[in-house]
Visitor: 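Quick one: this structure, given as structure tokens, is what I'll be asking you about.
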Amino acid sequence: MLRALRREVAGTIGLLADEHDFRAMRHYRTFAFTDFTTYLKAFEDLLSSRASQGMRTAVALFDPQEYADFCTDTGLDPDSPSSRASFTAQLATTGPTIPYDGQPLADLIPALADEAVRQATWEYATALLARLGACASCGEDIGRAAFARASGLLARILDTTRPGERHLVCSVSTAPETLVAVLHADTGPDGTCQLDESEALEFTTVLALGLATRSPGGLVMRSSAPSSPDRVYGWRLRTGEFDPLTAGEVFDAYCTDTDTGDLVSPESDVDYCVPPDLGPDATPSAHRH
């Protein structure tokens, strides 16, 4: 009975994803490993063992500095397995996690790092939007108005795209770095648009930040449908407005090496084209000044 019940218990394990973090944890006497390769092998064996017993496991990034700060804030002894377990329990609810489905660590670690970047991007963009406060002219909350407008723009972009697989990338140039959000959407059997809600929230937040701060940026859509070329088109984000790119501008963006500026061969079966008409920008907010 206990074995049967144990299979219904989900768990979270904190992973040291690189040698730098591994070396930082070696300062603790109770941390048993001395070799990073051996640590990764033991970690993967543990995941496989739990999976073979029918136990579900999520993997979280274990950051040594965040762990030290956690122990300072909570008064826990950092050189203790129970303290590490307490920190991992917190990561299960606040940090990015990836479910283990039998994939090798070589695939899981990059996916976990990408998830961490996604969450950090969303948290940073959300914080910046919240700091904008109310408009001095009309009193409306700038961040909330921009988010509503971004949501409307995203809905119209998806509505005007042909059915199939869609891949959207939004970039906004902010100090000190450019924020990038990615959204994947597909058409379900019933014709409805299917997308990941977390991706959609992050994407809308980054787009809203660009609109609210009038930062330069852009949005590119790539759509794929059976038995037809892919379509690539986009818009320029400038001074809070959404301007369609010409087919030539899209071609130049895709067929130019970003590091050297040299031309690269265009992909086969790809149409670089102008975007569809999105219609009027029917934002529910009057805050456009």
Side-chain angles (χ1 to χ4, degrees), residues 96 113-132 142-162 164-187 193-224 230-247 249-254 256 258 270 272-279 281-285 287-288:
D114 289 344
E115 188 67 22
V117 171
R118 277 186 53 198
Q119 179 167 318
T121 298
W122 174 75
E123 291 176 349
Y124 179 69
T126 299
L128 291 182
L129 279 177
R131 291 176 194 164
L132 296 176
I142 298 174
R144 187 175 294 113
F147 190 89
R149 185 181 171 207
S151 299
L153 282 169
L154 177 58
R156 297 209 315 278
I157 289 171
L158 293 173
D159 287 343
T160 56
T161 306
R162 62 177 178 171
E165 297 181 4
R166 284 156 283 183
H167 179 83
L168 296 89
V169 179
C170 178
S171 61
V172 174
S173 297
T174 62
E177 60 184 326
T178 297
L179 299 181
V180 179
V182 178
L183 176 63
H184 300 87
D186 202 353
T187 303
C193 180
Q194 298 179 331
L195 46 80
D196 183 271
E197 292 185 0
S198 297
E199 278 192 359
L201 177 60
E202 178 201 338
F203 191 93
T204 306
T205 303
V206 171
L207 178 57
L209 181 64
L211 296 172
T213 59
R214 305 170 72 86
S215 301
L219 189 153
V220 174
M221 158 76 82
R222 180 168 185 151
S223 67
S224 303
D230 286 5
R231 294 178 185 172
V232 179
Y233 51 82
W235 295 264
R236 178 184 295 106
L237 186 60
R238 181 169 54 189
T239 63
E241 297 300 328
F242 225 47
D243 297 328
L245 296 172
T246 67
E249 289 173 325
V250 177
F251 180 88
D252 289 343
Y254 265 77
T256 303
T258 56
V270 174
Y272 304 96
C273 50
V274 296
D277 183 12
L278 298 179
D281 191 354
T283 171
S285 168
H287 179 80
R288 296 295 299 277

Visitor: Return yes when atom CD of Q194 has more than 12 non-hydrogen atoms of other residues, nucleotides or ligands closer than 6.0 Å, and no otherwise.
Guide: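 Correct, the count exceeds 12.
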Visitor: To the nearest 0.5 Å, what is the distance between CZ (R144) and CZ (F147)?
Guide: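 Nearest 0.5 Å value for the CZ-CZ distance: 11.0 Å.
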Visitor: On a heavy-atom basis, which atom in S215 and which in V172 lie closest, and how many Å separate them?
Guide: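 Smallest heavy-atom distance, with atoms named: CB-CG1, 3.8 Å.
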Visitor: Please identify each residue that fulfils side-chain hydrogen bond (donor to acceptor under 3.5 Å, both in side chains) with Y272, with sequence neighbours left out.
Guide: none
Visitor: With sequence neighbours left out, write down each residue that passes salt bridge (Lys or Arg N to Asp or Glu O under 4.0 Å) with D243, or none if nothing qualifies.
Guide: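 Here the qualifying residues are R238.
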Visitor: Holding to side-chain contact (heavy atoms from CB on, under 4.5 Å), I want the full list of residues that pass it with L132, two or more places apart in sequence or in another chain.
Guide: L129, I142, A212, T213
Visitor: Please report the interatomic distance CD(E197) to OG1(T204), rounded to the nearest 0.5 Å.
Guide: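 These two atoms lie 11.0 Å from each other.
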Visitor: Identify, with sequence neighbours excluded, every residue that meets salt bridge (Lys or Arg N to Asp or Glu O under 4.0 Å) alongside E123.
Guide: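 E123 satisfies salt bridge (Lys or Arg N to Asp or Glu O under 4.0 Å) with no other residue.
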Visitor: With sequence neighbours left out, write down each residue that passes side-chain hydrogen bond (donor to acceptor under 3.5 Å, both in side chains) with H184, or none if nothing qualifies.
Guide: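 Per chain and number, H184 pairs via side-chain hydrogen bond (donor to acceptor under 3.5 Å, both in side chains) with H167, E199.
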Visitor: What closest approach, in Å, do E249 and T246 show between heavy atoms, and which atom pair accounts for it?
Guide: OE1-N, 2.9 Å
Visitor: S171: what forms a side-chain hydrogen bond (donor to acceptor under 3.5 Å, both in side chains) with it, not counting sequence neighbours?
Guide: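 Listed in chain order: nothing, the list is empty.
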Visitor: So do the side chains of T121 and V180 get within less than 4.5 Å of each other, counting heavy atoms only?
Guide: no
Visitor: Not counting sequence neighbours, which residues clear side-chain contact (heavy atoms from CB on, under 4.5 Å) with A181? List them please.
Guide: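 Only E202, F203, V206 meet the side-chain contact (heavy atoms from CB on, under 4.5 Å) criterion with A181.
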Visitor: Just jot down the side-chain hydrogen bond (donor to acceptor under 3.5 Å, both in side chains) partners of R231, sequence neighbours excluded, or say none.
Guide: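 Not a single residue meets the side-chain hydrogen bond (donor to acceptor under 3.5 Å, both in side chains) criterion with R231.
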Visitor: Taking salt bridge (Lys or Arg N to Asp or Glu O under 4.0 Å) as the definition, give me every residue that meets it alongside R162, ordered by chain and number, with sequence neighbours left out.
Guide: none
Visitor: To the nearest 0.5 angstrom, please state how far the CG atom of L183 sits from the CG atom of L219.
Guide: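 Taking CG in L183 and CG in L219, the distance rounds to 9.0 Å.
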Visitor: Going by the rule side-chain contact (heavy atoms from CB on, under 4.5 Å), which residues pair with R166 if we only count those two or more places apart in sequence or in a different chain?
Guide: L158, T161, L168, A185, T187, C193, M221, S223
Visitor: Could you tell me whether the side chain of T205 reaches within less than 4.5 Å of the side chain of Y124, counting heavy atoms only?
Guide: no
Visitor: Could you check if a side-chain atom of D277 sits within less than 4.5 angstrom of a side-chain atom of T160, using non-hydrogen atoms only?
Guide: no
Visitor: How long is the gap from CG on L201 to CG on D196, to the nearest 0.5 Å?
Guide: 10.0 Å
Visitor: Flag the pair I157 / L278 as yes when at least one side-chain heavy-atom distance between them is below 4.5 Å, and no otherwise.
Guide: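 Yes - at least one pair of side-chain heavy atoms lies under 4.5 Å apart.
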Visitor: Suppose we screen for side-chain contact (heavy atoms from CB on, under 4.5 Å). Which residues come up paired with S173, at least two apart in sequence or across chains?
Guide: T178, P216
Visitor: What residues, two or more places apart in sequence or in another chain, satisfy ring-ring contact (aromatic ring centres under 6.0 Å, His included) together with W235?
Guide: Y233, F242
Visitor: Determine the minimum heavy-atom distance between A146 and A208, stating which atoms define it.
Guide: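 Result for this residue pair: CB-O, 3.4 Å.
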Visitor: Closest heavy-atom contact between A116 and P96?
Guide: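 In this case the closest contact between A116 and P96 is CA-CG, 3.6 Å.
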